[in-house]
Structures are given as structure tokens and as C-alpha cells.
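Heads up, the thing below is written out as C-alpha cells.
Values below: all heavy atoms of this structure, side chains included; hydrogens, waters and symmetry mates excluded. Since we're looking at a predicted model, the values are computed, not measured. Numbers here are sequence positions counted from 1.
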Amino acid sequence: MTPAETVRALFERMEARDWDGARATLADGFACDYPHTGERFGSADAFVAMNHAYPEGWHITVDETVAEGPRVAARVRVSHGDTLFHCLSFAEVEDGLITRSVDFWLDDAGEPAPDWRAPFRLPQEPD
């Protein structure tokens with residue numbers, strides 16, 4: 001698999017609840033940072049276990065992957081009930097396994113736009 005296919009496979013296997021398959025995309029020394037919450041998942045097993053423990057009812061859609069060599073950016077949506085989350089994941093792949101990722105999560109409600117930008121913006125159209 002290409003690095004982009006490996007990253008896509010991780011998310012698709014999580015969507016399928018194929019936890020062993022998801023783990024198989026991650027290197028033993030894998031680590032993932034969530035800068036927005038200050039968390040680090042310091043092993044592949046911890047990362048898979050955390051995702052497995054997430055309350056059920058969610059669905060993952062990979063909207064896009066962009067790769068340059070071993071570095072992959074993925075734009076992912078996760079729906080959970082009436083809530084939609086967006087994830088931007090920046091991963092590094094070596095020898096066919098993801099070694100590291102930095103994932104940025106936000107919910108669809110986002111945060112309010114500052115008033116000073118009002119004269120410059122248009123409403124965002126859904127994809």
C-alpha cells in the first residue's frame with residue numbers, strides 16, 4: 001500500500017470496528033498527539049484501545065488524503081448522533097506502517113467567528 005492508502009485503511013478499519021486490522025496499520029512505536037486537548041497516546045495499543053472505548057454510534061468518512069512521500073494529510077468526518085466532528089490528521093508512514101500522527105479535532109458547531117471579519121466573509125456552503 002502507498003502511505004495514503006495505509007492512512008485511509010486505518011480509518012476504514014476503525015469504521016468497520018476491525019480493531020486488529022486498525023492495529024496492523026500502526027508501527028509498534030506509534031504515537032499520536034491531540035494538540036487541542038494536550039493529549040498523547042503513546043503506543044499503538046493505547047490509541048486503538050482509546051478508539052475502541054469511544055461510545056458506540058459513530059461513523060467515519062475519509063473525505064480526502066494528500067501525500068508527499070511518507071507524509072500524509074487526511075481530512076476525516078466522524079458523525080455521532082446529531083454531532084459531526086472534523087479531523088485533520090497528519091501522519092508519517094515508514095515501511096508501510098504509520099509511525100506518528102498529529103490529529104486536530106473540532107465539532108461542526110465550531111466556535112463563533114469574530115465580528116471584525118463580518119465585512120469579508122460569505123456563508124460557507126456544505127460539501
When you check the side-chain N and O atoms of Ser89 and Asp103, is any donor under 3.5 Å from an acceptor?
yes

So that I know where these two stand, are Tyr34 and Phe104 an aromatic pair - ring centroids less than 6.0 Å apart?
no

Distance under 6.0 Å and angle within 45° of the ring axis: does Arg17 meet both against Trp58?
yes

Name all residues meeting the ring pair (Phe, Tyr, Trp, His ring centres under 6.0 Å) criterion together with Phe47; count only those two or more places apart in sequence or in a different chain, and write none if there are none.
Phe30

Spell out, as yes or no, whether a donor-acceptor pair under 3.5 Å connects the side chain of Glu12 to the backbone of Ala9.
no

Side-chain (His80) to main-chain (Phe85) donor-acceptor, under 3.5 angstrom
no

Does any part of the side chain of His36, heavy atoms only, come nearer than 4.5 Å to the side chain of Trp105, both counted from C-beta?
yes

Tell me, yes or no, whether the heavy-atom count around Arg100 atom CZ, taken from other residues, nucleotides or ligands under 6.0 Å, exceeds 12.
yes

Polar side-chain atom of Arg75 near backbone of Asp63 as donor-acceptor pair, under 3.5 Å:
no

Report yes or no: does Thr99 contribute a side-chain atom to a donor-acceptor pair with the main-chain N or O of Glu92 at less than 3.5 Å?
yes

If you count heavy atoms of other groups shown closer than 6.0 angstrom to CD of Glu39, is the number above 12?
yes

Check for me, please, whether Ile60 and Tyr54 land in the same ILVMFWY cluster - side-chain distances under 4.5 Å, paths through other members count.
yes

Parallel, tilted or perpendicular, as decided by the 30° and 60° cut-offs, for the rings of His52 and Trp19
perpendicular

If you compare all heavy atoms of Pro35 against all heavy atoms of Asp33, which two are closest, and at what distance to 0.1 Å?
CD-O, 3.4 Å

Option from Thr25, Thr65, Thr61, Val62 for which side chain to side chain contact (heavy atoms under 4.5 Å, CB included) with Phe11 holds
Val62

Working for salt bridge (Lys or Arg N to Asp or Glu O under 4.0 Å), residues Arg23 and Asp28:
CA-CA 9 Å; Arg23 173 61 177 88; Asp28 288 337; 2.8 Å; yes

Between Arg13 and Asp20 (salt bridge meaning N to carboxylate O under 4.0 Å), is one present in this structure?
no

